[in-house]
Amino acid sequence: MVVVTAPAKVNFTLQIERPRPDGFHDLVSWVVPLDLSDELRVSLADAPGVRLRSDHADLPTDERNLVVRAARRLAAAAGVEPALDISLRKRVPIGAGLGGGSSDAAATLTALAQLWRLDWSRERLASIAAEIGSDVPLFLWNSSCVIRGRGERVEPVAAPKIVRIALVIPPFGMLTAAVYAALRPEDYGQPRPQPADLLDLSARELAPRLFNDLEPPAFRVDPRLADLHRRLSQDARVPVRLSGSGSSLFAIFDDAIAADAWRAECQRRLDGDVRTLSCGLRTT
């Protein structure tokens, strides 16, 4: 058996470029992994096939799940007949813009490379990961990184100097395709700070410089998210951003006490079905 963790992420910056001829948008995003993680246990089975079990009742365990797709795709590329039992302990919220499914897929590739003793470079695995989903390659690095293109071009960068991140997770998810479909020309193509200019800033300096071009379309797709962001942003001292295409919102802090205090205050003021978490950065 091989046991691996699959970390969540937040997008500190997310710049959307104008549409390409194929209709897709290139992006530039500074992504940071969190110490909030799923866990996968992967073992060889007696019978052929990929069998996935999860402790999350709403999670599909068939070909709709990126874990199953990743296992089958790597097996085909490696010329291996898969005979696998995979157990997924789900802790990263689904549909929250935290990359849980993509991270699970990348962790599956890493686990199977060990289990099948594939002497493959990370770059070779990343080429398989890019076929599974645009966000999957970045999780093979498990570090602060800048992604470009559709997410397949990954550049590791220095970890930010912040200490804690407070997450606010509403009881509904967002569909990435729906958010991109709601993009308008005025939402993207604006001059933006580049990640390289932000790496050395403290949380207090960095927070007002964070941005996400997917916020306006996400707020149009679900006004409940816009209202939650408005309520959280009433304290102008703590800028709040959307991660990915949502639905999670987050704020960054220089110390754990401030992060925990803000999180607790949000939990007191918000509806009971809105979750709040305080997380650190993943360091390994």
Side-chain angles (χ1 to χ4, degrees), residues 4-14 16 24-40 42 50 52 54 56 58-74 77 86-113 122-156 165 167 169 173-180 212 214 218 242-248 250 279 281-282:
V4 291
T5 56
K9 59 81 178 171
V10 291
N11 300 78
F12 275 11
T13 68
L14 179 50
I16 304 297
F24 289 102
H25 292 264
D26 283 331
L27 57 83
V28 179
S29 182
W30 180 16
V31 183
V32 178
L34 306 180
D35 60 9
L36 171 66
S37 300
D38 294 340
E39 181 185 84
L40 288 96
V42 185
V50 179
L52 173 63
S54 173
H56 196 296
D58 296 331
L59 194 70
T61 55
D62 55 17
E63 296 288 342
R64 292 171 294 171
N65 195 296
L66 293 184
V67 167
V68 177
R69 290 190 219 169
R72 294 196 180 281
R73 183 64 193 88
L74 184 59
I86 303 175
S87 175
L88 173 58
R89 184 173 179 239
K90 194 69 183 166
R91 294 297 175 265
V92 179
I94 299 171
L98 300 176
S102 295
S103 187
D104 292 342
T108 301
L109 296 178
T110 299
L112 291 179
R122 183 159 45 189
E123 288 71 21
R124 188 175 178 183
L125 284 176
S127 68
I128 301 296
E131 298 174 6
I132 301 164
S134 298
D135 276 352
V136 179
L138 73 92
F139 289 102
L140 293 172
W141 271 261
N142 276 334
S143 67
S144 173
C145 60
V146 175
I147 59 174
R148 294 183 171 86
R150 291 180 61 191
E152 78 281 2
R153 292 157 47 198
V154 182
E155 174 194 354
I165 295 174
L167 293 173
I169 306 164
M174 300 291 288
L175 294 175
T176 299
V179 174
Y180 270 92
N212 185 339
L214 292 181
L242 184 73
S243 182
S245 58
S247 59
S248 289
F250 71 94
C279 304
L281 303 185
R282 184 180 174 111

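Just so it is clear, the model here is predicted, and its values are computed rather than measured.
Residues Val92 and Leu36 are in side-chain contact: their nearest non-hydrogen atoms beyond the backbone lie under 4.5 Å apart. The shortest distance between side-chain heavy atoms of Leu14 and Leu27 falls below 4.5 Å.
Considering all non-hydrogen atoms of both residues, Pro7 and Phe139 come closest at O-CE2, 3.3 Å. Here the shortest heavy-atom pairing between Val42 and Ala111 reads CG2-CB, 3.8 Å. Contact record, Val179 with Ala218: CG1-N, 3.9 Å, taken as the closest heavy-atom pair. Contact detail for Ser245 and Thr176: the closest heavy-atom pair is OG-OG1, 2.9 Å. Of all heavy-atom pairs between Ser127 and Glu131, the closest is O-CG, 3.5 Å. Nearest heavy atoms, Leu74 versus Ala113: CD2-N, 4.3 Å.
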Check: Leu34 and Leu167: side-chain contact (heavy atoms from CB on, under 4.5 Å), yes or no, with the steps?
Finding: CA-CA 11 Å; Leu34 306 180; Leu167 293 173; 4.0 Å; yes
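Note on ring orientation: taking the six-membered ring where Trp is involved, the planes of Tyr180 and His25 are tilted (angle from 30° to 60°).
With hydrogens and angles ignored, the 3.5 Å screen pairs a side-chain donor or acceptor of Ser248 with a backbone N or O of Ala96. Not a single donor-acceptor pair under 3.5 Å links the side chain of Lys90 to the backbone N or O of Glu39. Side-chain atoms of Asp38 do not come within 3.5 Å of backbone N or O of Asp104 as any donor-acceptor pair. In this structure, the side chain of Ser29 engages the main chain of Thr13 through a donor-acceptor pair within 3.5 Å. A distance-only check finds no donor-acceptor pair linking the side chain of Asn11 to the backbone of Val31 [under 3.5 Å]. Looking at Ser243, its side chain does come within 3.5 Å of a backbone N or O of Gly97 through a donor-acceptor pair.
Residues passing the side-chain contact (heavy atoms from CB on, under 4.5 Å) test with Arg153, sequence neighbours excluded: Arg148.
Taking a 6.0 Å sphere around CG of Leu175, one finds it holds 12 or fewer heavy atoms contributed by other residues, nucleotides or ligands.
Note: Ser247 OG to Leu98 CG = 8.0 Å, rounded to the nearest 0.5 Å.
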